Amino acid sequence: MPYDTLLSPVTIGNLELPNRVMMAPLTRNRASQPGDVPSEMNALYYAQRASAGLIVTEATQVSRQGQGYWATPGMYSDAQEAGWKAIAGAVHARHGRIAQQLWHVGRVSHRLIQDGGAPPVAPSAIRARNTQVFVRNDDGSFGMIDADNPRALETNEIPGIVLQFVDAAHRAKRAGFDMIEVHAANGYLLHQFMATGTNHRTDDYGGSVENRLRLTIDVLEAVCGVMGANRVGIRVSPNFIGFDLQDDEADTSSLHLASELKRIGVAYLHLAEGDWAGGEPLTEDYRRALREAYDGSIILCGNYTAKQANQRIERGDADAVAFGRAYLANPDLVERIRANAPLNTPDESTFYGGAEKGYTDYPTLDEMPKT
Ligand SMILES: Cc1cc2nc3c(=O)[nH]c(=O)nc-3n(C[C@H](O)[C@H](O)[C@H](O)COP(=O)(O)O)c2cc1C
């Protein structure tokens, strides 16, 4: 079989996966309103994809303050926890495994979606230029709007950010998630703290690499305290170029982070490669250095075909590969890879917001019209 390695089992942390094809986190803006609560429709979507080695949920905000887009689900209310419990249950009923991606968007937000119209928070009061967020207008229509001016978090507020992640992690554990993925990628709060362009702080959370990584490490250690380190992963994106994020020390700091992950015993490092969205490709030297700095599982993601994924794993650069848009459009991606069958094409017009169309109605191979 051409994809034997990709389809072979692997253990990540202490979770056994039947294959190395993971579903990447995908924001779909379809949580039910009011309250950003996961719904039965969301449960069906994830259950349809249960043959993945591991599903990583869409980014899920740890608080209202951590929300940047309309109708993304949260994990800070009882109703949200119950909705997620039904989703984890639906995936488990189909013998799948599911990790919850926890995020705080930081400055990539707008006061229109913050509690009481408060400004979004960030490491420093620096607005993200050329950045838009998805909001619901007063007339009920949806649209994109420029990210707002954020305010800098006070030093004494930072433990509260860690607590937001801890509370959400307790909820995720109670809801039955197999793992938690801390979202430190793609220009959101933790990434904003790590990057030189967005973090101009002069306290213990800014300046040196150690200081800029402090919040991410505090969050990770605290989440590991809830779930156990062998059930926690982290997503990073050193070559991400969106949301006006500049980082002059991305390689150094991500390699330093990797050695900290080894110390903590974090189960996996999920590398969201930024070149699918216009970033420079990661060098082979960097990939090797990352492998050397960290001894847990490495998951790659970004524009992979099954063939390329299989090769990367065979070469020892990764333990598993996550697929985003291919998973969005192919609920039976694993079966299609096994059968070397063609893939459905994702419909970009239905990526964000809407209902079943472009969400739960992509056909499996068995459901395809026979020619
Ligand atoms: C519709 C859509 C939503 C996404 N949402 C998230 C998200 O919630 N969290 C995240 O870390 N990455 C998110 N991403 C990035 C994907 O996880 C992935 O890194 C990217 O799609 C590249 O992989 P692919 O080429 O296999 O699609 C999103 C991408 C898309 C297309």
Side-chain angles (χ1 to χ4, degrees), residues 6 20-31 36 38 42 45-46 49 52-62 66-75 98-106 108-109 132-134 144 179-192 216 233-243 245 268-279 281-282 298-309 312 318 320-330 333-334 336-337 343-354 358-359 362:
L6 182 60
R20 298 159 189 252
V21 180
M22 288 185 32
M23 177 175 169
L26 293 165
T27 290
R28 306 302 307 275
N29 307 84
R30 282 167 167 87
D36 300 313
N42 305 144
Y45 163 76
Y46 284 112
R49 288 156 178 78
L54 178 67
I55 293 173
V56 183
T57 68
E58 64 211 273
T60 302
Q61 60 265 7
V62 294
Q67 182 169 12
Y69 306 84
W70 189 79
T72 55
M75 195 46 150
I98 185 164
Q100 177 150 60
Q101 191 185 53
L102 294 180
W103 74 344
H104 188 305
V105 298
V108 185
S109 185
Q132 295 212 307
V133 295
F134 184 61
M144 303 298 284
M179 282 201 161
I180 290 177
E181 178 173 294
V182 171
H183 193 352
N186 299 353
Y188 297 111
L189 185 71
L190 298 180
H191 201 178
Q192 291 158 28
T216 301
I234 181 171
R235 196 169 214 230
V236 295
S237 55
N239 61 342
F240 173 80
I241 55 150
F243 301 156
L245 191 99
Y268 73 81
L269 172 60
H270 189 171
L271 203 53
E273 300 188 34
D275 42 327
W276 75 281
L282 297 172
I298 291 188
I299 293 151
L300 300 178
C301 181
N303 244 350
Y304 279 89
T305 60
K307 188 173 171 199
Q308 292 163 333
R312 278 276 175 217
V321 172
F323 297 83
R325 289 158 295 172
Y327 238 121
L328 184 153
N330 294 277
L333 185 62
V334 170
R336 285 175 189 253
I337 291 174
L343 302 183
N344 298 323
T345 308
D347 169 11
E348 285 189 26
S349 71
T350 52
F351 275 9
Y352 305 108
Y359 189 57
Y362 283 106

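Read the numbers this way: they start at 1 and go in the same order the structure lists the ligands and their atoms. On a predicted model such as this, the values are computed, not experimentally measured, just so you know.
- Nearest non-hydrogen protein atom to atom 4 (C) of ligand 1 is Thr27 N, 3.4 Å.
- By the 4.0 Å heavy-atom criterion, Gly302 is counted among the residues contacting ligand 1.
- Checked against a 3.5 angstrom limit, the closest N/O atoms of Ala59 and ligand 1 fall inside it.
- Applying the ring pair (Phe, Tyr, Trp, His ring centres under 6.0 Å) rule to Tyr188 yields the partners Trp103, His183, Phe243; only residues at least two apart in sequence or on another chain are considered.
- For the pair Asn29 (side chain) and Ala71 (backbone), a donor-acceptor distance under 3.5 Å is absent.
- With hydrogens and angles disregarded, no donor-acceptor distance shorter than 3.5 Å links the side chain of Thr57 to the backbone of Ile55.
- Val21 pairs in a side chain to side chain contact (heavy atoms under 4.5 Å, CB included) with only one of the listed residues (Leu54, Ile337, Val321), which is Ile337.
- Here the heavy atom of the protein found nearest to atom 10 (C) of ligand 1 is Arg235 NH1, 3.2 Å.
- Here is the list of ligand 1 atoms found below 4.0 Å of a heavy atom in Ala24: 17 (O).
- Checked by distance only, ligand 1 and Arg325 come closer than 3.5 Å through their nitrogen or oxygen atoms.
- Note on ligand 1: Tyr352 sits in its first shell, one or more heavy atoms being nearer than 4.0 Å.
- At least one donor-acceptor pair closer than 3.5 Å links the side chain of Arg28 to the backbone N or O of Thr350.
- Side-chain atoms of Asp36 never come within 3.5 Å of backbone atoms of Ala31 as a donor-acceptor pair (strictly under, hydrogens ignored).
- Using modelled atom types, one finds no donor on one side chain facing an acceptor on the other under 3.5 Å when comparing Tyr69 with Gln61.
- At least one donor-acceptor pair closer than 3.5 Å links the side chain of Gln192 to the backbone N or O of Gly187.
- The heavy atom nearest to atom 22 (C) of ligand 1, considering only Phe351, Tyr188, Trp276, Tyr304, is found in Trp276.
- Shortest contact from atom 9 (N) of ligand 1 to any protein heavy atom: Gln101 OE1, 2.9 Å.
- Contact of the Ile299 side chain with the Leu271 side chain is not registered, since no non-hydrogen atoms from C-beta on lie closer than 4.5 Å.
- Checking side-chain atoms of Arg49 against main-chain N and O of Tyr327 turns up a donor-acceptor pair under 3.5 Å.
- The Asn186 neighbourhood of ligand 1 comprises atoms 10 (C), 11 (O), 12 (N), with distances under 4.0 Å to a heavy atom of that residue.
- Atoms of ligand 1 found under 4.0 Å from any heavy atom of Phe323 (numbered from 1 in listed order, with element): 26 (O).
- By the 3.5 Å distance cut-off applied to N or O atoms, Asn303 is counted among the residues near ligand 1.
- If you check which protein heavy atom lies closest to atom 17 (O) of ligand 1, you get Pro25 O, 2.8 Å.
- Of all the heavy atoms of Arg28, none lies under 4.0 Å from any atom of ligand 1, so neither backbone nor side chain is involved.
- In terms of protein heavy atoms, atom 29 (C) of ligand 1 is closest to Leu26 CD2, 3.8 Å.
- In terms of protein heavy-atom proximity, atom 26 (O) of ligand 1 is closest to Gly324 N, 2.8 Å.
- In this structure, atom 18 (C) of ligand 1 lies nearest to the protein heavy atom Cys301 SG, 3.6 Å.
- For Asp275, there are no side chain to side chain donor-acceptor pair (under 3.5 Å) partners two or more places apart in sequence or in a different chain.
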